[in-house]
Colleague: 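Have a look at the structure that comes next, please.
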Amino acid sequence: MFGRLTWDAIPFNQPIPLITSIVVLLVIAAVIAWITYNKWWPYLWNEWITSTDHKRIGVMYIVLALVMLVRGFADALMMRAQQTVAVGASQGYLPPEHYDQIFSAHGTIMIFFMAMPFIIGLINFVVPLQLGVRDVAFPTMNNVSFWLTASGALLVNLSLFIGEFARTGWLAFPPLSEKQFSPGVGVDYYLVSLQIAGVGTVLTAMNFVTTILKIRAPGMSYMRMPIFTWTALAASLLILAAFPVLTATYAELMLDRYLGFHFFTNDGGGNSMLYMNLIWVWGHPEVYILALPAFGIYSEIASTFSGKPLFGYRSMVFATLGICIISFCVWLHHFFTMGAGADVNAVFGIASMIIAVPTGVKIFNWMFTMYGGRVRFTTPMYYLVGFMITFVIGGLTGVLLAMPPVDFIVHNSLFLVAHFHNVIIGAVVFGVMAGYTYWFPKAFGFTLDERLGKWIFWCWFIGFYLAWFPEYALGFMGGTRRLQHIADPSWQPYLDVAMVGALIIFAGIVLTVVQLIYSIRTRERRLDLTGDPWDGRTLEWLTLSPPPHFNFAVLPDVHGEEPYWTRKQTALREEQLIEEPDYEPIEMPVNTPTGIIVAFFASICGFAIIWYIWWLAILGLIGAFAVFVWYAWRDEHEHIIPADEVRRIEQERRRIRTELLGQWKPVS
Amino acid sequence: MEAGIVSPTEAPAIGLTHGSSEDTGLGNRGPQSKSIVVPYGFWLFVLSDMVLFSALFASYASLARATAGGPGSLQLFDRSTVAVETIALLLSSFMCGLAIVAAKRKNLLWTEVWLVVTAVLGLVFLFVELREFAHMISIGAGPQRSAFLSSFFTLVGCHGAHVTAGLMWIGTMMAQVWAKGFQPHIGRRLLCLSIFWHALDIIWVAIFTIVYLIGTLP
């Protein structure tokens, strides 16, 4: 009846997961009670859960990412604490089977459910605004994508309370991840949840490639799109080409585990190196799926806060697309030790070094954008400068690793772990934190507290260096990754410094929550009434903060690379706004519960597959298909916002902007 | 949201009037219509699906000789069975094309008829394929036998699963056309369905060549 699911799946005899489970359940219960007490369910349901508004969906992605950041970072702290205390004679507080689950969950959650949703959330929120349009190509599918991602996140976190998580590392390499060596539900949780989230990710990519290539404001040719939009396009193309490979690879591993196939097994002619090749054909582009949009965020910030157009716009576009293509030609550098031979290794080593060239172009472009500009050192600008320093160091250690002879020595060492944390924290985490600070006022109509924002930056910046530079050294001293116990007591000082670094980053994460609460409570002091708090240059700053549902009363006409800046300067110089348009009614997509219902059935089906409850899995599939047909049968697709409503909102915006004409001065 | 076109000589007005965006020569005069956006997005899905198949093809290519002492492709594949499958699927694609022609003329009866014929030929294909699978499993050449057979069953079976999904889609579309007539969004869905069905043909041609033709070379 319930497959493999019995009461033994609940960790009654393990105090750490049990207490965590109880605390998390209490927190969830408290949040639900609080929402119910305040009677917020109708609001949440109508305005957020069923919303097809790209801005709302973007915000929901970022909320998911922040929650998962806390979860993933809790894992990181536990690992650091274990390595600090389990030195020499001591075995620490985490037994190996638990420690292995923690490092696997940390990697999986941070990449798939923290970094990806954060990046996709920012893309969702910003790209249609930057393109000067009202929504994405497929608004309902956008909602479905979000809820499928959330469904994957739910299943991964469920493994904490029911059963166990994978003990195989974040990419679940076979043969360790095969049934023979990992008979439990851990790897199944991993595979099923990532398959469900992966569907959501591919649908998002389809949506954004279509949106960017087919739905832009009049006059916005490709070479007039903001760089963040370009990088969103590049990342979406990478997702479209890379994620299906991941789906196929996980499907093959699932067939091995569930039906006894022989893709990656030791017997039957299977080949585990096939898995390495396939997973890294996805895995290396994935690095750039995360990094390219972060580069786009830095480009917007560099230009805005230096008060200058981006230096080398065209070279930035070509560098982005160059990275996009080369990222598919380097996957083998993740396993030079496979033994493919000197020639093959040389080709992939050189390709990996070449990818540093377009990246270097970008670094110089950002520096030259700042050069000669009137730089305002706001929090996002701190992240930009911190990123440039950190990322150059991380890039250099990457070029070191691209040399096969060096890689043979430091393969799977702490040096490697330090390298990828260096680039992922330095580029992606700094980038999303900068983007969060930069676009927060656009989403909510008030800025985040600057003083706390800078503290958060310093926590991340200093904490990162303290936590990861000792690991570079330990890597050279022979430290391998994923050690549950440290045999050599002379490593203790390095581990202690790393622990201090992790605690400083922890302070930064706590301060992020404090900053959010403090900024909401004191928002009256920092209201963004203008819709343009940073003196921006791209179209998202043209509309109000927060933007109306339809973003723009009329789609803006685009002239040149900086349409909003040109329009703003013209208006200030001529001391009048653009003429008042003829207001027309606007069609917007209706809300739909399709997304959350599909995700509900997907979660049930996924849970059933993990626990071998086949009748429930079939029920889940039938349910999902029924929702699909039910949705396809709908008659109402759009609702009309009447012209009077559009006029009222737009005239309010014009009133605000007219007041500014007297206060702001044109830049000569 | 169709914007007018002005010559660059009117540039001084830039930023103060509406409808003055230049024609930048790439057709960038505002968002495209749904009849372009929807099939375009669906094409992207089809492309990503082809990437998925390319991963399965790569697995098959690297495991094709890993028979683990079991039967190889020469003993197992029969060109005449595959010929029947291929003819059924290619004809089915042609019938799907006829259905789209009928739908363009808003002819309900013939649209339904051609969709039924498409589905029946698809079923013939599936039936022959499943019979081949059943036969292989019965002689001990199931997917658990060797890595070669694992990758064969996965690649060909994934195509078969796509055909099955396509059949369910054809059934749904027939019901929708019947119940709702030829509304614009139904027409777009029919177009996407036919893109999907033709794409399955392209995949099958690759399977036919790489798996069956090369596999039966002496």
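Below, read A as the first sequence line, B as the second, and so on, with proteins coming before strands; counting in each chain starts at 1.
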Colleague: So for B:Ala179, is it side chain, backbone, both, or neither that comes closer than 4.5 Å to the heavy atoms of chain A?
Modeller: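 Only the side chain of B:Ala179 comes within 4.5 Å of chain A.
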Colleague: Select one option (side chain, backbone, both, neither) describing which atoms of A:Leu278 are under 4.5 Å from chain B's heavy atoms.
Modeller: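 A:Leu278 touches chain B through side-chain heavy atoms alone.
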Colleague: Look at the side chain of B:Lys180 and the backbone N and O of A:Trp633, then say whether any donor-acceptor pair between them is shorter than 3.5 Å.
Modeller: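 Looks like yes, one N/O pair under 3.5 Å.
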Colleague: Should B:Val37 and A:Thr210 count as side-chain neighbours, where that means a heavy-atom distance under 4.5 Å?
Modeller: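 Yes, their side chains come closer than 4.5 Å.
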Colleague: Heavy atoms, side chains only, cut-off 4.5 Å: are B:Phe42 and A:Met206 in contact?
Modeller: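 The answer is no, as the side chains (C-beta and beyond) never meet within the 4.5 Å cut-off.
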Colleague: With a 4.5 Å heavy-atom cut-off, do B:Phe148 and A:His262 have their side chains touching?
Modeller: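 No; the side chains remain at least 4.5 Å from each other.
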Colleague: Between chain B and each of A:Pro563, A:Ala137, A:Ala241, count heavy-atom pairs under 4.5 Å; write down the option with the most.
Modeller: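 Of the options given, most contacts go to A:Ala241.
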Colleague: So how far is it from B:Ser146 OG to A:Asp267 CG, rounded to the nearest 0.5 Å?
Modeller: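 Taking OG in B:Ser146 and CG in A:Asp267, the distance rounds to 11.0 Å.
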Colleague: So what's closer than 4.5 Å to chain B heavy atoms on A:Ala632: side chain, backbone, both or neither?
Modeller: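 A:Ala632 touches chain B through backbone and side-chain heavy atoms alike.
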Colleague: Report yes or no: do A:Glu252 and B:Ser59 form a side-chain donor-acceptor pair below 3.5 Å?
Modeller: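 Short answer, yes.
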Colleague: Calculate, to the nearest 0.5 Å, the distance between atoms OG and CG belonging to B:Ser151 and A:Asn271 respectively.
Modeller: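 Nearest 0.5 Å value for the OG-CG distance: 11.5 Å.
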Colleague: Side chain, backbone, both or neither: which part of B:Arg189 has a non-hydrogen atom closer than 4.5 Å to chain A?
Modeller: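 Side chain of B:Arg189 only, per the 4.5 Å heavy-atom cut-off to chain A.
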Colleague: Could you measure the distance from the CZ atom of A:Arg216 to the CD atom of B:Gln32? Nearest 0.5 Å is fine.
Modeller: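 Between A:Arg216 CZ and B:Gln32 CD, I get 8.5 Å after rounding to 0.5 Å.
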Colleague: So which of A:Leu131, A:Thr211, A:Val133 actually passes side chain to side chain contact (heavy atoms under 4.5 Å, CB included) with B:Pro31?
Modeller: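 Going through the options one by one, the only one that passes is A:Val133.
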Colleague: Find the distance between OG (B:Ser62) and CG (A:Leu274) and round it off to the nearest 0.5 Å.
Modeller: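 So the OG of B:Ser62 and the CG of A:Leu274 are separated by 4.0 Å.
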Colleague: When you look at CZ of A:Phe625, are more than 12 heavy atoms from neighbouring residues, nucleotides or ligands closer to it than 6.0 Å?
Modeller: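 Count over threshold, so yes.
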Colleague: Nearest 0.5 Å please: distance from the CD atom of B:Gln144 over to the OG1 atom of A:Thr265.
Modeller: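 Here the rounded value is 11.0 Å.
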Colleague: Testing B:Leu56, B:Val51, B:Leu47 one by one against A:Pro244 for a side chain to side chain contact (heavy atoms under 4.5 Å, CB included), which residue passes?
Modeller: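 Single pass found, and it is B:Val51.
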Colleague: Is B:Leu63 in contact with chain A via its backbone, its side chain, both, or neither, using a 4.5 Å heavy-atom distance?
Modeller: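 Side chain of B:Leu63 only, per the 4.5 Å heavy-atom cut-off to chain A.
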Colleague: For A:Gly269 and B:Ala68, which heavy atoms make the closest approach, and how far apart are they?
Modeller: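 Looking at all heavy atoms of both residues, the shortest contact is N-CB, 4.1 Å.
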Colleague: Before giving the answer on salt bridge (charged side-chain N to carboxylate O under 4.0 Å, His left out), spell out for A:Glu587 and B:Lys34 the whole-Å C-alpha distance, their side-chain angles and the decisive distance to 0.1 Å.
Modeller: CA-CA 13 Å; A:Glu587 279 187 352; B:Lys34 271 194 172 176; over 6 Å; no
Colleague: Check whether more than 12 heavy atoms from other residues, nucleotides or ligands sit under 6.0 Å from atom CH2 of A:Trp630, and answer yes or no.
Modeller: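 Enclosed.
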Colleague: Below 4.5 Å, heavy-atom pairs only: which of B:Gly70, B:Ala175, B:Gly41, B:Ser150 has the largest tally toward chain A?
Modeller: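 Result: the option with the highest number of such pairs is B:Ser150.
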Colleague: Quick one: are A:Phe138 and B:Val38 in side-chain contact, heavy atoms under 4.5 Å?
Modeller: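 A:Phe138 reaches B:Val38 side chain to side chain.
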Colleague: If you count heavy-atom pairs under 4.5 Å with chain B, which of A:Ala248, A:Pro581, A:Pro556 comes out on top?
Modeller: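 Of the options given, most contacts go to A:Pro581.
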Colleague: Taking C-beta and beyond as the side chain, do A:Leu259 and B:Phe153 meet within less than 4.5 Å on heavy atoms?
Modeller: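 Sidechains of B:Phe153 and A:Leu259: no contact.
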Colleague: Counting only heavy atoms from other residues, nucleotides and ligands, does the tally under 6.0 Å from CZ of A:Arg634 exceed 12?
Modeller: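 Enclosed.
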Colleague: Between A:His637, A:Met223, A:Met141, which shows the greatest number of heavy-atom pairs under 4.5 Å with chain B?
Modeller: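 Option with the top pair count is A:His637.
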Colleague: Please check if atom CD in B:Gln75 has more than 12 non-hydrogen atoms from other residues, nucleotides or ligands closer than 6.0 Å.
Modeller: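 Yes - once you tally the heavy atoms of other residues, nucleotides and ligands closer than 6.0 Å, there are more than 12.
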Colleague: State, yes or no, whether a side-chain contact exists between A:Phe263 and B:Thr154 at a heavy-atom distance under 4.5 Å.
Modeller: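 Result yes, sub-4.5 Å side-chain heavy-atom pair found.
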Colleague: Drop me the distance from B:Leu44's CG to A:Phe208's CZ, to the nearest 0.5 angstrom.
Modeller: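 One gets 13.5 Å once the value is rounded to the nearest 0.5 Å.
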Colleague: Is A:Phe264 in contact with chain B via its backbone, its side chain, both, or neither, using a 4.5 Å heavy-atom distance?
Modeller: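 The answer is neither part of A:Phe264.
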Colleague: Taking atom OH as the centre, does A:Tyr258 end up with more than 12 heavy-atom neighbours from other residues, nucleotides or ligands that are less than 6.0 angstrom away?
Modeller: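 Yes, OH of A:Tyr258 has more than 12 neighbouring heavy atoms, counting only those of other groups under 6.0 Å.
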